[in-house]
Amino acid sequence: MNGNQKRNLSVLLVDPIYPGNVGSAARALSNMGLRRLKLVNPPNLTDKQCRMMAGHAWRIVTDAEVHESFEEACADEGILVGATSVRGRRARRRVYSPRELAPRILGSAEAQRVALIFGSEREGLGEDHLAKCQFLVSIPSDPEFPTLNLAQSVLVLCYELMAADAEASRGPAPVLAGFQEREAMLRQMEQVLIEIGFLSSGNPAHIMNSIRRLLGSAELTSRDVRILRGIFSQMEWFVREGGRLPEGKVRKP
């Protein structure tokens, strides 16, 4: 992996429980040539188990970015890749294998930040987290033992990135809209859809999560986001004007 890719790739652990797993994940990053570790609500990082499992990668733990919330940790990221087990989960959207997705991750990391996101050892990533990710990835495993240890999962995904880098010749991937651009668009969209009666103001999240999944798979660029926001600005203006346009006139947003 080149310097841009290494700088732009990060592993984000959300609510990890065991200090030893954080240390082991840091070691996995080091083995695969990566350095950026981000943590949301981590356990005690001074625990001796964390240091022991990290070994020579202890510096990655001490340099890790620590955040209080998922949104804060993702604020400077461009593309979010959520790791999940397919056990008990309905196939509402495509779930890639690490091998399928690795070339795309590397191509995107040439120009923008990409976060590989893993949930807690007990519950994994929640549906709200996964809905905010453009891509989902799951490691194939035996159906009788479908879930991997957190640090093992980090190692497998990072290994596939290194293997893809060694094998594939890639063209530049399009630069996708960043997390904050998408969230601002979705907030505007939700507000307008409530205003026109498409969403219930009492429970907009049910349908909005489906909209998130739909738009997440569309791989939106910044220009795409501007177009969609322009459409919803036009809808908002139209409603406030009483739902009528003067004959022969069209307002341009």
* Would you please say whether a donor-acceptor pair under 3.5 Å links the side chains of Ser233 and Gln188? => yes
* Asked: Minimum heavy-atom separation for Thr46 to Asn44, with atom names?
  -> OG1-OD1, 2.6 Å
* Asked: Should Ile139 and Leu161 be counted in the same cluster of Ile, Leu, Val, Met, Phe, Trp and Tyr side chains packed under 4.5 Å apart?
  -> no
* To do: Quick one: list whatever passes ring-ring contact (aromatic ring centres under 6.0 Å, His included) with His129, sequence neighbours left out.
  => Phe70
* Compare all side-chain heavy atoms of Ile105 with those of Ile79 and state whether any distance is below 4.5 angstrom. => no
* In terms of hydrophobic clustering (I, L, V, M, F, W, Y; side-chain heavy atoms under 4.5 Å; direct or indirect links), are Met185 and Val175 co-clustered? -> no
* To do: For Leu193 and Met208, work out which heavy atoms get closest and say how close.
  => CD1-SD, 4.5 Å
* Asked: Any side-chain heavy atom of Asn2 within less than 4.5 Å of one from Glu110?
  -> yes
* Mind listing the closest non-hydrogen atom pair of Met235 and Ile196 along with its distance? => CE-CD1, 3.6 Å
* Less than 4.5 Å apart, any side-chain heavy atom of Ile194 and any of Gln191? -> no
* To do: Verify whether one side chain among Ser30 and Arg27 offers a donor that lies under 3.5 Å from an acceptor in the other.
  => no
* **Shortest non-hydrogen contact from Val154 toward Ala28** => CG1-CB, 4.2 Å
* Hydrophobic cluster membership, Leu45 vs Leu150, 4.5 Å side-chain cutoff -> yes
* Indicate if Leu228 and Ile207 have the same hydrophobic cluster label, given that clusters are the connected sets of ILVMFWY residues with side-chain heavy-atom separations under 4.5 angstrom. => yes
* Atom CZ of Arg113 and atom CG of Asn4: how far apart are they, to the nearest 0.5 Å? -> 12.0 Å
* **Contact check, side chains of Pro42 and Leu13, non-hydrogen atoms, under 4.5 Å** => no
* Nearest 0.5 Å please: distance from the CD atom of Glu77 over to the OG atom of Ser10. => 4.0 Å
* Can a salt bridge be assigned to the pair Asp63 and Arg35 using a cut-off of 4.0 Å between side-chain N and carboxylate O? -> no
* Asked: Nearest 0.5 Å, what's the CD1-CD distance between Ile211 and Glu190?
  -> 8.5 Å
* Asked: How far does CG of Leu220 sit from CG of Leu176, to the nearest 0.5 angstrom?
  -> 8.0 Å
* Please round to the nearest 0.5 Å and tell me the distance separating atom CD of Glu127 and atom CZ of Arg212. => 13.0 Å
* To do: Report, as yes or no, whether the 6.0 Å neighbourhood of atom CD on Gln180 holds more than 12 heavy atoms from other residues, nucleotides or ligands.
  => no
* **Taking every non-hydrogen atom, the tightest pair across Ser85 and Ser138** => CA-OG, 4.0 Å
* Asked: Within a strict 4.5 Å, meaning less than it, do heavy atoms of the Asp165 and Gln5 side chains meet?
  -> yes
* To do: Measure the OG-CG distance between Ser210 and Leu215 for me, rounded to the nearest 0.5 Å.
  => 11.0 Å
* **Full working for side chain to side chain contact (heavy atoms under 4.5 Å, CB included) between Asn8 and Val114** => CA-CA 6 Å; Asn8 285 331; Val114 181; 5.7 Å; no
* Structure fact -> When every non-hydrogen atom of Ser69 is compared with those of Val40, the smallest separation belongs to O-CG2, 3.7 Å
* Glu71 vs Glu183 side-chain heavy atoms within contact, under 4.5 Å -> no
* Asked: Are the side chains of Gln234 and Ile231 in touch, meaning some heavy atoms are under 4.5 Å apart?
  -> no
* Considering only heavy atoms from C-beta outward, does the side chain of Thr84 approach that of Leu125 to under 4.5 Å? -> no
* List, by chain and then residue number, the residues other than Tyr18 in its hydrophobic cluster (Ile/Leu/Val/Met/Phe/Trp/Tyr, side-chain heavy atoms under 4.5 Å); write none if there are no others. => Ile17
* Is there a chain of hydrophobic side chains (I, L, V, M, F, W, Y, each step under 4.5 Å between heavy atoms) that links Phe198 to Val239? -> yes
* Cut-off 3.5 Å, side chains only: do Ser24 and Asn21 have a donor facing an acceptor? -> no
* Asked: Got a donor-acceptor contact below 3.5 angstrom from the Glu100 side chain to the Val137 backbone?
  -> no
